[in-house]
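These values consider heavy atoms only, across backbone and side chains, with no hydrogens, waters or symmetry-generated copies. Atoms within each ligand, like the ligands themselves, are counted from 1 in listed order.
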Amino acid sequence: MEIKKVMVIGAGQMGGGIAQVCAQAGFEVLLNDMNVEALDKGLKRIEKLLARAVEKERISESDKADTLGRLVASSELKDAQNCDLVIEAVVENMAVKEKVFGELDTIVPKHAILASNTSSLPITEIAATTKRPDQVIGMHFMNPVPVMKLVEIIRGLQTSDETYKAIEDMTKKLSKVPVEVEDFPGFVANRILMPMINEAIYTVYEGVSSVEDVDTVMKLGMNHPMGPLTLADFIGLDTCLSIMEVLYEGFGDSKYRPCPLLRKYVKAGWLGKKSGRGFYQY
Ligand code: CAA
Ligand code: NAD
């Protein structure tokens, strides 16, 4: 099956990046968001990143114009009616994702593949809300999408080999490296990354060290490009908490208990960089 036309749902930090790399790789892209402001902000950010790439002489002015010409804004799911692939990147909430997949299933053509960029939610459960579980798959990009090379491809219980192969090929066309992963809580990336971030938050919560010093230890001591608390703010504290909840519930092991300080910040609306305040102020 050939993928030509793609809809990306959710124009936030992940959806915007996914739409950008798809359009740059030559796919026709519809970028959808239910929030018109978010859509506008997402498109403006893509334009800005492409302008920067021109400045740095990585792409030409005409590459930029061609890429933007392949990107169309959409505020209604029914615009997906001619798409070969939909990549969902809405909030990390099962009820919201299930609603989106249930609706999409009645809109997209029979051959279309439905992919989720979920960080941790079970692909098998998302797939069960559709009548095409064999054509549902996880396509987990890393943040920031235009920079990071990895895509975890997650097989749900019923994902077919044909669907897997189509998404593996697509990932390579986006110049990313695919890794095959089974459908387990947190997959691989977040099963390993999030407990580290959660532990960094506990370290601050228990008064062992300050936010800045915890980050310095991991940056200078382990050569991480960002300290864990800067990274948590960058990912979004709401997303970090949702992932920890999935690990805690999915494995039933107390080692995944989300730090109370993380819960408190999310309750306060301190969601990290995107809301202007998290462990740091922006
Ligand atoms: N979007 C697009 N491009 C971005 C960007 C963004 N948000 N942030 C930085 N970049 C680009 C910059 O434009 C720059 O490109 P140029 O060479 O064209 O200037 C390049 O990345 C390097 O940026 P900087 O020099 O400003 O800063 P840096 O060297 O510190 O790199 C970084 C920034 C790549 C984000 C780096 O700090 C890093 O790798 N951080 C860790 C990122 C990480 O761990 N990501 C995974 C998060 S977990 C996840 O995604 C899974 C999940 O489900 C939660
Ligand atoms: P975000 O909050 O930046 O963006 C989510 C967007 O989805 C918002 O613009 C919102 O308006 C839109 N939206 C919500 N419900 C919608 C609906 N029903 N229809 C259309 N649009 C809708 O979130 P994000 O950080 O981009 O995360 C999106 C997904 O990607 C989540 O599942 C998250 O777990 C996953 N993810 C996040 C990261 C990260 O570092 N932030 C990394 C990998 C994967």
Side-chain angles (χ1 to χ4, degrees), residues 7-21 24 30-43 45-46 48-59 73-80 86-104 115-121 123 126 138-152 154 181 186-194 196-197 215 218-219 223-228 230-247 271-275:
M7 178 184 268
V8 178
I9 307 182
Q13 49 179 345
M14 294 307 291
I18 297 168
Q20 179 186 332
V21 297
Q24 281 188 282
L30 285 162
L31 179 58
N32 172 284
D33 204 295
M34 64 198 284
N35 177 337
V36 184
E37 262 173 49
L39 190 54
D40 192 45
K41 204 171 144 198
L43 287 167
R45 185 165 166 69
I46 295 174
K48 208 170 140 196
L49 287 168
L50 291 173
R52 192 181 156 87
V54 173
E55 249 173 56
K56 293 228 156 185
E57 296 181 352
R58 289 209 186 98
I59 62 170
S74 149
S75 54
E76 294 190 61
L77 279 193
K78 69 174 167 49
D79 297 333
V86 179
I87 306 173
E88 166 277 313
V90 305
V91 284
E92 189 74 344
N93 175 302
M94 185 54 111
V96 178
K97 292 200 194 282
E98 283 186 346
K99 188 163 179 286
V100 169
F101 274 75
E103 275 180 44
L104 277 175
S116 176
N117 181 52
T118 177
S119 292
S120 60
L121 295 167
I123 299 302
I126 294 174
M139 198 177 186
H140 184 208
F141 291 83
M142 302 293 129
N143 190 10
V145 180
V147 179
M148 307 299 278
K149 283 282 176 203
L150 178 76
V151 177
E152 280 188 304
I154 302 109
V181 178
F187 315 130
V188 173
N190 283 318
R191 181 170 176 173
I192 298 173
L193 175 69
M194 271 314 144
M196 181 193 73
I197 288 178
D215 274 353
M218 297 308 284
K219 265 173 67 180
N223 249 357
H224 288 196
M226 279 175 168
T230 302
L231 182 57
D233 275 358
F234 178 60
I235 291 166
L237 300 189
D238 51 342
T239 302
C240 293
L241 178 59
S242 300
I243 297 167
M244 283 312 296
E245 300 278 23
V246 168
L247 292 173
L271 306 183
K273 208 171 173 189
K274 64 183 169 187
S275 74

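Remark: distances from the non-hydrogen atoms of Lys97 to ligand 2 include one below 4.0 Å. By the 4.0 Å heavy-atom criterion, Gly236 is excluded from the residues contacting ligand 2. Within the 4.0 Å heavy-atom shell around ligand 1 one finds Arg58. Residue contacts with ligand 2 leave out Lys99, since none of its heavy atoms falls under 4.0 Å from the ligand. The closest approach between Thr239 and ligand 1 stays at or above 4.0 Å for every heavy atom of the residue.
Neither the backbone nor the side chain of His224 has a heavy atom within less than 4.0 Å of ligand 1. Contacts with ligand 2 closer than 4.0 Å are made by heavy atoms of both the backbone and the side chain of Asn117. The proximity of Met142 to ligand 2, defined as any non-hydrogen pair under 4.0 Å, does not occur for either the backbone or the side chain. Counting heavy atoms under 4.0 Å from ligand 1, residue Asn143 touches it through both backbone and side chain. Contact annotation: for Leu231 versus ligand 1, heavy atoms closer than 4.0 Å belong to the side chain alone. Here Phe141 has backbone heavy atoms under 4.0 Å from ligand 2, and that is the only part of it that gets that close. Contacts of Met14 with ligand 1, taken as heavy-atom pairs under 4.0 Å, are absent altogether. Residue-level proximity to ligand 2 for Ala38 is carried by the side chain, the only part with a heavy atom below 4.0 angstrom. Contacts with ligand 2 closer than 4.0 Å are made by heavy atoms of both the backbone and the side chain of Val90.
Taking all heavy atoms of Ala189, Ala89, Gly17 into account, the minimum distance to atom 5 (C) of ligand 2 is reached by Ala89. Of the candidates Glu76, Glu37, Met34, Lys274, it is Lys274 that places a heavy atom closest to atom 23 (O) of ligand 2. Taking only non-hydrogen atoms, the option from Gln20, Gln13, Met142 nearest to atom 49 (C) of ligand 1 is Met142.
Against a heavy-atom cut-off of under 4.0 Å, Asn32 is close to the following atoms of ligand 2: 20 (C). Taking every heavy atom of Arg45 and a limit of under 4.0 angstrom, the matching atoms of ligand 1 come to 1 (N), 6 (C), 7 (N). Annotation for ligand 1: atoms under 4.0 Å from non-hydrogen atoms of Leu193 are 48 (S). Within ligand 2, counting atoms from 1 as listed, the ones closer than 4.0 Å to a heavy atom of Ile9 are 19 (N), 20 (C). Within ligand 1, the atoms closer than 4.0 Å to a non-hydrogen atom of Arg52 are 13 (O), 16 (P), 18 (O), 19 (O), numbered from 1 in the order shown. In summary, the atoms of ligand 1 found under 4.0 Å from a heavy atom of Met148, numbered by their order in the structure, are 42 (C), 43 (C), 45 (N). Each of the following atoms of ligand 2 lies closer than 4.0 Å to a heavy atom of Glu92: 31 (C), 32 (O), 33 (C), 34 (O). Near Val147, with a cut-off below 4.0 Å to any heavy atom, the atoms of ligand 1 are 3 (N), 4 (C), 10 (N), 11 (C), 21 (O), 34 (C). Interface atoms of ligand 2 facing Ser119, defined by a heavy-atom separation under 4.0 Å, are 33 (C), 34 (O), 35 (C), 36 (N), 37 (C), 43 (C), 44 (C). Of all the atoms in ligand 1, the ones that sit under 4.0 Å from a non-hydrogen atom of Ser119 are 52 (C), 53 (O). If you number the atoms of ligand 1 from 1 as listed, the ones under 4.0 Å from a heavy atom of Ile235 come out as 48 (S), 54 (C).
Geometrically, ligand 2 and Val100 share no nitrogen or oxygen pair separated by less than 3.5 Å. Looking at Asn143 next to ligand 2, an N or O pair under 3.5 Å apart turns up. The shortest N or O to N or O distance between Asn35 and ligand 2 is not below 3.5 Å. Considering backbone and side-chain N/O of His140, none are found under 3.5 Å from N/O of ligand 2.
Atom 3 (N) of ligand 1 is flagged as protein-proximal [any protein heavy atom, distance under 4.0 Å]. Within a 4.0 Å radius of atom 23 (O) of ligand 1, the protein contributes no heavy atom. For atom 47 (C) of ligand 1, the nearest protein heavy atom lies closer than 4.0 Å. Of the protein's heavy atoms, at least one falls inside 4.0 Å of atom 54 (C) of ligand 1. Using a 4.0 Å threshold on non-hydrogen atoms, atom 26 (O) of ligand 1 does not count as touching the protein. Within 4.0 Å of atom 29 (O) of ligand 1, not a single protein heavy atom is present. The protein reaches atom 37 (O) of ligand 1 closely, with a heavy atom under 4.0 angstrom from it.
Ile197 approaches Ala232 most closely through the heavy-atom pair CG2-CB, 3.7 Å. Residue Ser119 comes nearest to Ile243 through the heavy atom pair CB-CD1, 3.4 Å, listed as atom of the first residue, atom of the second, then distance. The two residues Ala11 and Asp33 have their closest heavy-atom pair at N-OD2, 2.7 Å.
Side-chain contact between Val90 and Met34 is absent, with no heavy-atom pair separated by less than 4.5 Å. Using a 4.5 Å heavy-atom cutoff, the side chains of His140 and Val151 are not in contact. Contact check for Leu193 versus Ile235: side-chain heavy atoms found under the 4.5 Å cut-off. The side-chain heavy atoms of Met244 and Cys240, taken from C-beta on, include no pair separated by under 4.5 Å. For the pair Met139/Ile18, no side-chain contact is recorded, criterion being any heavy-atom separation below 4.5 Å from C-beta on. Met94 is not listed as a side-chain neighbour of Val246, based on a closest heavy-atom distance of 4.5 Å or more. In this structure, the side chains of Thr239 and Lys274 come closer than 4.5 Å at one or more pairs of heavy atoms. Proximity of Glu92 to Thr118: side-chain heavy atoms (C-beta onward) are separated by under 4.5 Å at one or more points.
Of the protein's non-hydrogen atoms, Asn190 ND2, 3.4 Å is the one closest to atom 52 (C) of ligand 1. Nearest protein heavy-atom neighbour of atom 8 (N) of ligand 1: Pro144 CG, 4.0 Å. Counting only heavy atoms of the protein, atom 37 (C) of ligand 2 lies nearest to Met14 CG, 3.4 Å. Atom 39 (O) of ligand 1 has as its closest protein heavy atom Pro225 CG, 3.7 Å.
Looking at Gln13, its side chain does come within 3.5 Å of a backbone N or O of Phe234 through a donor-acceptor pair. A donor-acceptor distance shorter than 3.5 angstrom exists from the side chain of Glu152 to the backbone of Val188, with no hydrogens or angles considered.
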Report task. Apply side chain to side chain contact (heavy atoms under 4.5 Å, CB included) to Asp79 and Met7, showing your working. Result -> CA-CA 8 Å; Asp79 297 333; Met7 178 184 268; 3.7 Å; yes
Report task. Evaluate side chain to side chain contact (heavy atoms under 4.5 Å, CB included) for Ile9 paired with Leu104, printing each intermediate quantity in order. Result -> CA-CA 11 Å; Ile9 307 182; Leu104 277 175; 3.7 Å; yes
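With hydrogens and angles left out, the side-chain atoms of Thr230 and Asp215 include a donor and acceptor closer than 3.5 Å.
Atom NZ of Lys219 sits in a sparse spot, with 12 or fewer heavy atoms from other residues, nucleotides or ligands closer than 6.0 Å.
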